[in-house]
Number of protein chains: 2
Amino acid sequence: MSPAIDTRTKIVMAAMDLFWTKGFNSTSIADILSRTQLNAGSLYHVFPGKQDVLIAVLEAYRDGLYENLVDPAWEGVDDPVERIFALLARYRWLIVETDCTYGCPIGSLALELHEADPVVRDLLAVNFTGWVGAIRRCLDEAGERLPVDVDKQALAEFVLTTMEGGVMQARTHRDVAYFDRGVAALRDHFDMLLARAAQRPAMA
Amino acid sequence: MSPAIDTRTKIVMAAMDLFWTKGFNSTSIADILSRTQLNAGSLYHVFPGKQDVLIAVLEAYRDGLYENLVDPAWEGVDDPVERIFALLARYRWLIVETDCTYGCPIGSLALELHEADPVVRDLLAVNFTGWVGAIRRCLDEAGERLPVDVDKQALAEFVLTTMEGGVMQARTHRDVAYFDRGVAALRDHFDMLLARAAQRPAMA
DNA sequence: GAGCGAATTGAACGCTCGTTCAAGAACGGG
DNA sequence: CCCGTTCTTGAACGAGCGTTCAATTCGCTC
């Protein structure tokens with residue numbers, strides 16, 4: 001294996017962590033270098049500039065969505081609706097684990113980069129789309145348990161909305177309860193949808 | 001009127017706009033100075049440092065919540081539930097008006113400032129609390145139209161969640177439709193709650 | 001209009017940032 | 001073992017940042 005690839009991996013992993021905890025603008029190249037024990041030349045040998053590190057980080061999130069986030073959350077959970085809440089529970093765990101300082105890496109970057117160039121913005125959007133796609137699969141699998149007139153794509157996006165909004169409030173107030181109440185409201189929403197579908201089956 | 005107050009106002013107004021469009025870290029003191037046609041000394045005569053400008057901006061948002069945001073949105077709307085969606089419609093208008101680059105100033109700052117000091121974080125939280133409080137009033141006013149077992153505080157927070165999540169996705173995808181679908185899902189939620197309350201009145 | 005504190009001027013400072021690059025080390029095929 | 005390529009070293013640079021401050025002007029009071 002080429003050593004440059006190893007260097008690249010080290011940089012991307014360090015940058016993922018730093019961009020997550022400190023944000024993109026507040027993370028300096030020096031931060032990445034001291035974390036990886038590399039020199040500036042090595043980084044610039046692999047990446048043309050700081051923004052290209054960001055792009056690599058966003059690609060890593062995109063490519064690792066299932067491996068690093070979704071599959072672990074769904075382990076041992078088979079019911080498609082419960083899988084949605086299992087994923088949200090994973091975020092709850094992250095919030096608690098970080099003493100309520102957790103912010104969704106993609107969400108934070110999306111709001112921080114106000115005038116992101118098209119490549120970066122596309123990658124942010126693609127990350128959201130991938131996340132929503134995972135939820136969408138659950139909803140499709142739930143099939144007729146949901147009312148037929150429900151827009152499943154919109155509902156999947158609404159799950160992301162709940163997660164991001166809940167994370168934002170939990171972090172700002174330094175209190176998971178804000179996240180929990182958001183998830184509870186979403187649970188109410190699903191309960192009402194499931195009840196409506198059971199009451200008026202698709203056979204009508 | 002003391003000239004320093006005028007200077008202060010000019011700085012706060014310019015900073016509100018700049019922090020909103022560029023973010024806090026990406027806005028330089030020089031940006032504020034060129035926007036206000038002031039010199040560095042004048043700014044530092046009024047504010048000890050950049051962070052104090054941020055604090056003043058957050059206080060301005062807090063103090064102007066009703067005057068600048070809520071009251072205009074509610075003009076001509078009397079029904080408490082419709083007022084909630086009127087406020088969301090106001091955000092929709094902001095998104096469209098800014099070509100889908102709009103981000104909620106408070107939400108953006110909340111996610112950008114990863115290690116904000118306590119004063120700043122408190123002000124961010126207070127701004128959220130104020131916004132949620134305005135929604136809460138509507139829900140209280142709606143009274144028995146909502147099921148008695150509904151946690152009105154949590155529901156008000158859920159409205160904020162929907163707004164922030166919708167704004168985030170609309171901006172990232174550069175498409176208001178993401179916001180619209182989030183609001184539509186929230187409307188569904190309210191419709192189901194109202195129907196449930198009508199079905200099983202509080203008199204039980 | 002003299003006197004004085006408040007407010008403004010704008011050049012300068014020290015620091016950190018992203019980036020560059022000439023020099024050297026490590027590696028691998030023949 | 002040699003040579004060309006790939007990768008690393010780390011000092012240096014220029015630009016931009018937040019901040020300072022001695023000098024100056026403004027505006028009010030008596």
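Quick note: numbers below take in every heavy atom, side chains included, and nothing from hydrogens, waters or symmetry partners. Letters A, B, ... are given to chains in the order of the sequence lines, protein chains preceding strands, and every chain is numbered from 1.
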Compile the donor-acceptor pairs under 3.5 Å between side chains in residues 60-74 of chain A and protein atoms, sequence neighbours left out, one pair per line.
residue  : atom : partner  : partner atom : Å
Asn68(A) : ND2  : Gly64(A) : O            : 3.4
Trp74(A) : NE1  : Arg83(A) : O            : 2.9

Is the phosphate of dC17(C), meaning OP1 or OP2, less than 4.0 Å from a side-chain N or O of Ser28(A)?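 Checking Ser28(A) against dC17(C): at least one side-chain N or O falls below 4.0 Å of OP1 or OP2.
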
Establish, with yes or no, whether the OP1 or OP2 oxygen of dA7(C) is under 4.0 angstrom from a side-chain nitrogen or oxygen of Thr7(B).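 So the side-chain polar atoms of Thr7(B) never come under 4.0 Å of the phosphate oxygens OP1 or OP2 of dA7(C).
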
[atom1] of [X] versus [atom2] of [N]: gap in Å, rounded?
X: Lys10(B); N: dT8(C); atom1: NZ; atom2: P; value: 8 Å
X: Leu33(A); N: dT16(C); atom1: CG; atom2: P; value: 15 Å
X: Phe47(B); N: dG18(D); atom1: CZ; atom2: P; value: 15 Å
X: Asn39(A); N: dT8(D); atom1: CG; atom2: P; value: 9 Å
X: Arg8(B); N: dT8(C); atom1: CZ; atom2: C1'; value: 18 Å
X: Gln37(B); N: dG10(C); atom1: CD; atom2: P; value: 11 Å
X: Leu54(A); N: dG18(C); atom1: CG; atom2: P; value: 13 Å
X: Phe19(A); N: dG18(C); atom1: CZ; atom2: P; value: 9 Å

Determine, using ring centers only, whether Phe85(B) and Phe190(B) are less than 6.0 Å apart.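 Yes: the rings meet the under 6.0 Å criterion.
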
At under 4.0 Å between heavy atoms, what does Ser26(A) touch on the DNA or RNA strands: base, sugar-phosphate, or nothing?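 Here Ser26(A) touches no strand at all.
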
Assuming nearest nucleotide by heavy-atom distance, tell me which of Gly41(A) and Asn25(A) is located more 5' along DNA chain C.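 Residue closer to the 5' terminus by nearest nucleotide: Asn25(A).
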
The side chain of [X] is closest to which nucleotide in this list: [options]?
X: Ser42(B); options: dT9(C), dG18(D), dA11(C); answer: dT9(C)
X: Ile29(A); options: dG18(D), dG18(C), dG10(C); answer: dG18(C)
X: His45(A); options: dT19(D), dG10(D), dT6(D); answer: dT6(D)
X: Tyr44(B); options: dT20(C), dT8(D), dG18(D); answer: dG18(D)

Can the positive tip of Arg181(A) be found less than 6.0 Å from the middle of the six-membered ring of Phe179(A), inside 45° of the ring normal?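 Verdict for Phe179(A): no cation-pi partner in Arg181(A).
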
If you look at every heavy atom in Cys104(B) and Met163(B), which pair is closest and at what distance?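 That would be SG-CE, 4.2 Å.
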
For a quick test of reading the model, state the closest non-hydrogen atom pair linking Asn25(B) to Ser26(A) and the distance between them.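 Nearest pair, atom of Asn25(B) first, then Ser26(A): ND2-OG, 3.7 Å.
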
